[in-house]
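The next block holds one structure in the form of structure tokens; read it before the comments.
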There are 2 protein chains.
Amino acid sequence: MNASRKTIERLSHYRMVLSRLSGQGVQNIYSRELAALADCTPAQVRRDLMVTGYEGNPKHGYNISELKKSLDVFFDFKGNLVAVIVGAGSLGRALIAYFMPKKTMYDIVAAFDSDMNKTGRLINGTPCFHINEMVEKLHDLKPDIALVTVPAESAQEVALKLVKSGVSGILNFAPVRLKVPEKVYVENIDVTMSLEKVAFFSRQYREEKNNG
Amino acid sequence: MNASRKTIERLSHYRMVLSRLSGQGVQNIYSRELAALADCTPAQVRRDLMVTGYEGNPKHGYNISELKKSLDVFFDFKGNLVAVIVGAGSLGRALIAYFMPKKTMYDIVAAFDSDMNKTGRLINGTPCFHINEMVEKLHDLKPDIALVTVPAESAQEVALKLVKSGVSGILNFAPVRLKVPEKVYVENIDVTMSLEKVAFFSRQYREEKNNG
DNA sequence: TCTTAGCTGTTAATTTTTTCACAGCGTGAA
DNA sequence: TTCACGCTGTGAAAAAATTAACAGCTAAGA
């Protein structure tokens with residue numbers, strides 16, 4: 001079972017699509033249909049699903065609820081994952097607000113910030129502590145993963161503390177590449193970079209359209 | 001000049017790293033050093049930079065300010081890009097707050113939302129209009145790109161309106177894949193998916209650590 | 001001036017990812 | 001029961017991305 005990052009990405013997306021369909025009462029789906037919804041190819045869907053072990057039926061395609069169950073098992077969603085968020089700026093608070101109401105498998109159990117105005121109170125139901133208390137609190141909370149929304153300058157320092165406290169996965173929004181030991185997984189979300197990609201390719205597409 | 005998405009991503013990241021270094025007074029950099037900062041390999045850096053046309057010096061590596069200038073030209077940052085944001089929820093407002101103060105090349109000239117409480121006023125200096133006025137406003141503003149932070153249910157509808165108004169690039173935060181005509185570029189940022197990746201791989205890494 | 005160390009630019013090899021293509025199967029119809 | 005359609009699962013081919021390898025160059029030192 002060696003699934004690439006790309007495959008995991010897509011499997012996660014399939015899971016979301018299937019949840020939506022399941023809620024709409026749809027029962028079966030073909031690789032072709034799932035591919036259309038997930039914006040990839042049917043072959044990709046079939047190949048990706050191989051890693052989950054679930055097999056479809058040549059006549060009816062995949063049974064949505066069973067496939068979803070397989071994906072849940074694959075992603076090992078037994079219990080909720082304990083997460084903390086470091087940086088309670090506007091982005092951090094937006095993320096808390098986003099994950100709080102949803103019954104997701106991620107429990108954001110604490111936020112940390114260096115701004116005294118933000119600490120010592122609840123942010124959307126999540127307690128916010130001062131960054132100086134972080135190491136101590138992490139010791140108690142034992143989070144699995146962390147979301148980092150601090151400025152670029154402090155991201156590396158924060159990551160180091162997180163790793164020392166046993167965090168093995170980081171979702172990093174700061175536009176720097178964190179240096180972490182092997183066996184700590186870092187995923188970066190860099191909005192500026194993504195915007196730049198949009199700017200670049202949209203212009204390229206536009207020019208192609210004008211020329212061709 | 002056929003740069004892949006991956007290459008564009010990295011070039012954008014190099015640009016950011018170089019800006020930072022430039023501000024610190026560093027003048028030259030080797031591919032090896034840039035690679036370390038951008039978390040990739042030296043060969044990758046050299047290969048990526050080929051597309052910009054800028055050539056380094058075997059003795060001193062790359063001149064940072066000149067390379068940055070080449071990247072600016074490559075990304076064609078003559079003037080600012082006109083952007084709008086659709087959806088002024090917590091994420092949308094966080095993004096406005098993020099891009100406003102920075103002197104970036106992205107001018108977010110308007111926000112749109114369906115919630116009357118948010119419309120008809122400024123959000124962090126950006127005017128927020130009701131979504132019903134969007135088509136009309138887009139006609140005047142002629143934005144190049146759009147950021148979409150509406151719920152998944154309305155994202156497709158919004159995208160359609162944007163495309164009709166001539167937007168050729170969309171940065172989509174909703175967890176659906178938008179159907180747009182060819183020649184419109186869509187980049188997706190899906191926080192839940194990214195978190196799921198972190199959860200999956202961090203666990204895998206942890207298990208590998210325990211077993212090996 | 002000549003030598004040398006160590007870099008860049010670029011081609012070639014390798015690895016990874018995607019796509020193709022089709023055997024095999026389950027179902028519904030005859 | 002038998003047939004045929006159209007799907008899945010998967011090995012093989014193709015394409016894309018990464019890495020290795022090295023010729024060629026530049027500047028510093030002898």
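Here is how names work: the chains are called A, B, and so on, in the same order as the sequence lines, proteins then strands, and each is numbered from 1.
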Can you name the atoms? Protein N/O to nucleotides 24-27 of chain D N/O, anything below 3.5 Å, with the distance.
| residue | atom | partner | partner atom | Å |
| --- | --- | --- | --- | --- |
| dT26(D) | O3' | Asn57(B) | ND2 | 3.4 |
| dA27(D) | OP1 | Asn57(B) | ND2 | 3.1 |

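- Taking all atoms of both residues into account, the shortest heavy-atom contact from Ile170(B) to Ala159(B) is CD1-CB, 4.1 Å.
- Here Asp190(B) pairs with nothing under the side-chain hydrogen bond (donor to acceptor under 3.5 Å, both in side chains) rule; sequence neighbours left out.
- The two residues Ile8(A) and Ala3(A) come nearest to each other via the heavy atoms CD1-CB, 3.7 Å.
- With sequence neighbours excluded, the residues forming a ring pair (Phe, Tyr, Trp, His ring centres under 6.0 Å) with Phe112(A) are Phe129(A), listed by chain and number.
- Put simply, CE on Met50(A) is 16 Å from P on dT19(C), counting in whole angstrom units.
- Here the C1' atom of nucleotide dT17(C) and the CG atom of Leu11(A) are 14 Å apart, to the nearest Å.
- Annotation: salt bridge (Lys or Arg N to Asp or Glu O under 4.0 Å) contacts involving residues 59-73 of chain A, sequence neighbours excluded, comprise Arg15(A)-Asp72(A), Lys68(A)-Asp72(A).
- Atom pair Glu55(A):CD and dG24(C):P shows a separation of 15 Å (rounding to whole Å applied).
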Under 3.5 Å, which protein N or O atoms sit close to an N or O of nucleotides 21-23 of chain D? Give each pair with its distance.
| residue | atom | partner | partner atom | Å |
| --- | --- | --- | --- | --- |
| dA21(D) | N6 | Arg46(B) | NH2 | 3.2 |

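- Across residues 28-38 of chain A, Tyr30(A), Ser31(A), Arg32(A) each have a non-hydrogen atom less than 4.0 Å from an atom of DNA chain D (numbered order).
- Every residue two or more places apart in sequence or in another chain was checked for a salt bridge (Lys or Arg N to Asp or Glu O under 4.0 Å) with Glu33(B), and none qualifies.
- Considering all non-hydrogen atoms of both residues, Pro175(A) and Tyr98(B) come closest at CG-OH, 4.5 Å.
- When the side-chain hydrogen bond (donor to acceptor under 3.5 Å, both in side chains) test is applied to Ser154(A), no partner is found at least two apart in sequence or on another chain.
- Asn57(A) pairs by the side-chain hydrogen bond (donor to acceptor under 3.5 Å, both in side chains) definition with nothing, not counting sequence neighbours.
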Name each donor-acceptor pair under 3.5 Å that joins a side chain in residues 37-46 of chain A to protein atoms two or more places apart or in another chain, with its distance.
| residue | atom | partner | partner atom | Å |
| --- | --- | --- | --- | --- |
| Thr41(A) | OG1 | Gln44(A) | N | 3.2 |
| Gln44(A) | OE1 | Thr41(A) | N | 3.4 |
| Arg46(A) | NH1 | Ser31(A) | OG | 3.3 |

Taking only nitrogen or oxygen atoms into account, show me every contact under 3.5 Å that the protein makes with nucleotides 14-18 of chain D, one pair per line with its distance.
| residue | atom | partner | partner atom | Å |
| --- | --- | --- | --- | --- |
| dT18(D) | OP1 | Arg10(B) | NH1 | 3.3 |
| dT18(D) | OP2 | Arg10(B) | NH1 | 3.3 |
| dT18(D) | OP2 | Arg10(B) | NH2 | 3.0 |
| dT18(D) | O5' | Gln44(B) | NE2 | 3.4 |

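- Partners of Thr7(A) according to the side-chain hydrogen bond (donor to acceptor under 3.5 Å, both in side chains) rule, which considers only residues two or more places apart in sequence or in another chain, are Ser4(A), Asp48(A).
- To the nearest 0.5 Å, atoms CE (Met100(A)) and OG (Ser90(B)) are separated by 12.5 Å.
- Residue Asn63(B) contributes atom CG, which lies 13 Å from atom P of dT8(C) at whole-angstrom precision.
- Val163(B) places a side-chain heavy atom less than 4.5 Å from the side chain of Pro181(B).
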